[in-house]
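The structure under discussion appears below in the form of C-alpha cells.
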Amino acid sequence: MKMADTNTSVKGIRNIMDGIPDEDVRAIQGFLQKYKDDYEKDGLNGFVKAASGIDIELIDKVKYTDGALAKASVIYENFDDVKQMYGRIKENLPAFLGFLHTLLRNSGPVVDQLAENGYIDGTQKKVIKKELTNLNASMRGIESRYEHFIDHLKHGQFTQALKDVGEIVEYVKSILSSIETLDKETKDALKLIVDGHSIVQMLNALSKEKGFSYKGSDIYFTGKGGSGETIKVNISSAVRIYQNGMKIVEDMEDAISAYQKVFRQEIDEEFIDKKQAIITSIQHMEENPSHYAFDLQFRLAAGFSHTFDKLEKISVHESFHTGALPANDGIVAELKKQTSEKKNFIKNIRESIEKLFEKEEMISQLFDFQP
C-alpha cells in the first residue's frame with residue numbers, strides 16, 4: 001500500500017499503530033463507541049457512570065452527609081437508585097476494567113514511539129509514564145474492592161457493599177485526575193496527529209498524484225476501469241455514502257443491543273424477581289399460619305361463623321404463568337439479519353469502487369479517513 005506523507009516535520013503514526021494488535025484496536029474503538037453519547041452529554045463522569053455503573057454523585061451525596069442517621073436517611077431516600085447502581089456495577093465494571101487493562105497494556109510502547117517520532121518531548125514522556133503508573137495502581141485498587149463488593153452483596157451486607165463502592169469511587173476519581181493530566185500533556189501531540197491526518201492534508205498530499213481533480217469541496221478521480229475504459233467518480237460522495245451508511249448501521253446495532261438489554265432487565269429479570277417475592281411470601285404464610293388468623297381474606301373464605309377458630313395450617317398450590325410474550329429471539333435474529341444485509345450493501349459500494357480502480361491503492365485509504 002502506498003502511503004501519503006502529510007507532515008514532513010514529524011514521523012508518521014504508522015509504526016505506532018502497527019505496534020498495537022488489531023483485536024485491541026477494535027476492542028478499544030468498540031468500547032469508546034458504545035459510550036460515546038454518554039461522554040458527549042455528561043463528559044468523563046457520564047462516561048464512567050455508563051461504562052462502569054458507578055454513580056459518583058450519588059456516592060458523594062451519602063459520603064459527605066454528616067451523621068449516621070442523616071446518612072441512613074439519604075440511603076433510604078435514594079434506595080432504588082442505590083439498588084440499581086449495585087446491579088449496574090456488578091454487570092458493567094468487569095468490562096470497564098478489561099477496557100483499562102487493554103489501554104494500559106499498549107500504553108508503554110505507544111508513549112515511547114510518540115517520543116521517538118517527535119510528538120512529545122522527554123519531560124512530557126516522564127509525566128505521562130508517571131500518570132500511567134498511578135492509573136494502573138488505581139485500577140488494581142478497584143479490582144481489589146470489587147471482589148469485596150461482590151462478596152458483601154452475596155452475603156447480604158449491603159451497608160458494607162456501599163462502603164466498598166465509596167472506596168472504588170476514590171480510585172475512580174484518581175483515574176479521572178490522571179486522565180486530566182494525560183489530556184493536558186498529550187493535547188498538542190494529538191492535535192498535530194489529527195491535523196496531519198485531516199481531509200485537507202490528505203487532499204494536499206493526494207493532489208501530487210495523477211488522476212485527482214476537485215470541484216467545489218469534492219474530490220474526483222479519473223482512471224481506467226478493469227476493461228480499459230476511462231471512468232470518473234466523485235470519490236468524496238462515495239466516501240460520504242459509505243461512512244454515513246456505516247454510522248447508521250452501527251447505530252442500529254447499538255439499538256438492538258440496547259433492546260436486548262432492556263428486554264432482559266424489564267421482562268426476564270423482573271419476572272424472576274417478582275416470582276421470588278411471591279414465593280417468599282407464600283413460604284412465610286405456610287410457616288406462620290397463626291399470623292394470618294384474622295386476615296380478612298381468610299375470614300371471608302372461611303365464613304364469619306368461624307371467627308374465633310384457630311388457623312393451624314395454610315397450604316398454597318402455586319402455579320406461575322406469564323402472559324403472551326413476543327418470540328424475542330426471533331425478533332432479534334430478524335433485526336440482526338436486516339442490519340447485516342444493510343451493512344453488506346454499503347460495503348459493496350466501497351468494494352465496487354475499489355474494484356473499478358484496483359490498481360489505485362490510494363482510493364481504498366480514503367474510505368477510512370475521517371474529516
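We count residues from 1, following the sequence as given.
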Q) Any Lys/Arg nitrogen of D42 or K49 sitting under 4.0 Å from an Asp/Glu carboxylate oxygen of the other? A) no
Q | Non-hydrogen atoms of D38 and G46 that approach each other most closely | A | CB-O, 3.7 Å
(Q) When you measure from the side chain of Y86 to the backbone of F158, do you find a donor-acceptor pair of N or O atoms at a distance under 3.5 Å? (A) yes
Q) Do the side chains of K275 and I278 get nearer than 4.5 Å, heavy atoms only? A) no
Q) Quick one: does T102's side chain get under 4.5 Å of F31's, heavy atoms only? A) no
Q) If you measure from CE on M85 to OG on S52, what distance do you get to the nearest 0.5 Å? A) 10.0 Å
Q: Verify, without hydrogens or angle tests, whether H152 (side chain) and H148 (backbone) share a donor-acceptor contact under 3.5 angstrom.
A: yes
Q. Looking at D251, V249, N244, which one forms a side-chain contact (heavy atoms from CB on, under 4.5 Å) with K247?
A. D251
Q. What do the steps show when you test I256 against T339 for side-chain contact (heavy atoms from CB on, under 4.5 Å), and what is the final call?
A. CA-CA 9 Å; I256 293 172; T339 304; 3.4 Å; yes
**Q.** Any donor-acceptor pair under 3.5 Å from Q276 side chain to D273 backbone
**A.** no
Q | Spacing of K126 atom NZ and D121 atom CG [to the nearest 0.5 Å] | A | 10.5 Å
Q) Does M252 reach the side chain of L335, with side-chain heavy atoms less than 4.5 Å apart? A) no
Q: Would you indicate whether the side-chain heavy atoms of L97 and L93 approach each other to under 4.5 Å?
A: yes
Q. Can any side-chain N or O of S352 pair as donor or acceptor with the backbone N or O of N348 at less than 3.5 Å?
A. yes
Q: Mind listing the closest non-hydrogen atom pair of S178 and E131 along with its distance?
A: OG-OE1, 3.0 Å
Q: Following the transitive rule for hydrophobic clusters with a side-chain heavy-atom cut-off under 4.5 Å over Ile, Leu, Val, Met, Phe, Trp and Tyr, establish whether M246 and I248 coincide in one cluster.
A: no
Q: Supply the atom-to-atom distance Q160 CD to L153 CG, rounded to the nearest 0.5 angstrom.
A: 11.0 Å
Q. What heavy-atom pair brings Y242 and R350 nearest, and what distance separates the two atoms?
A. OH-NH1, 3.2 Å
Q. Quick one: are K34 and E250 in side-chain contact, heavy atoms under 4.5 Å?
A. no
(Q) Using side-chain heavy atoms (C-beta onward) and a distance below 4.5 Å, is D164 in contact with I150? (A) no
Q: Compare every heavy atom of I175 with every heavy atom of M139, then report the nearest pair and how far apart it is.
A: N-CD1, 4.4 Å
Q) So which residues get pulled into V262's cluster when ILVMFWY side chains under 4.5 Å apart are joined, directly or through others? A) none
Q) CD1 of I59 to CD1 of I168: how many Å apart, nearest 0.5 Å? A) 9.0 Å
Q. Residues two or more places apart in sequence or in another chain: which of them pass side-chain hydrogen bond (donor to acceptor under 3.5 Å, both in side chains) with D60?
A. K173
(Q) Between K36 and E40, is the side-chain contact (heavy atoms from CB on, under 4.5 Å) condition met? List the steps. (A) CA-CA 6 Å; K36 181 186 72 171; E40 290 178 349; 3.6 Å; yes
**Q.** Audit row: I54, F96, side-chain contact (heavy atoms from CB on, under 4.5 Å) steps and yes/no
**A.** CA-CA 11 Å; I54 299 170; F96 180 70; 6.0 Å; no
(Q) Using every non-hydrogen atom in the two residues, find where R88 and G53 come nearest and quote the distance to one decimal. (A) CB-CA, 3.7 Å
Q.
My understanding is that only residues two or more places apart in sequence, or in another chain, count here; which of them pass side-chain hydrogen bond (donor to acceptor under 3.5 Å, both in side chains) with E91?
A. R264
(Q) So does E170 get a backbone contact from the side chain of S174, meaning a donor-acceptor N/O pair under 3.5 Å? (A) no
Q: Using only heavy-atom distances, determine whether the side chains of E287 and Q283 contain a donor-acceptor pair under 3.5 Å.
A: no
Q. In terms of heavy-atom contacts, does CD of E57 have more than 12 from other residues, nucleotides or ligands at under 6.0 Å?
A. no
Q: Measure from the side-chain N and O atoms of N136 to the backbone N and O of L132, and report whether any donor-acceptor pair falls under 3.5 Å.
A: no
Q: With sequence neighbours excluded, tell me which residues meet side-chain hydrogen bond (donor to acceptor under 3.5 Å, both in side chains) with E143.
A: H101, R140
Q) Which ILVMFWY residues can you reach from V127 by hopping between side chains whose heavy atoms are under 4.5 Å apart? A) none
Q: Kindly indicate whether the side chain of T181, heavy atoms from C-beta on, has any atom under 4.5 Å from the side chain of I128.
A: no
Q) Do Y39 and Y35 have ring centres separated by under 6.0 Å? A) no
Q: Quick one: do F99 and L32 satisfy side-chain contact (heavy atoms from CB on, under 4.5 Å)? Show the steps, please.
A: CA-CA 9 Å; F99 166 71; L32 292 175; 3.7 Å; yes
Q) Is it true that atom CG of N288 has more than 12 heavy atoms of other residues, nucleotides or ligands lying nearer than 6.0 Å? A) yes
Q) What pairs with E253 under side-chain hydrogen bond (donor to acceptor under 3.5 Å, both in side chains), at least two apart in sequence or on another chain? A) K343
Q. Can you tell if the side chain of I89 reaches within under 4.5 Å of the side chain of Y146, non-hydrogen atoms only?
A. yes
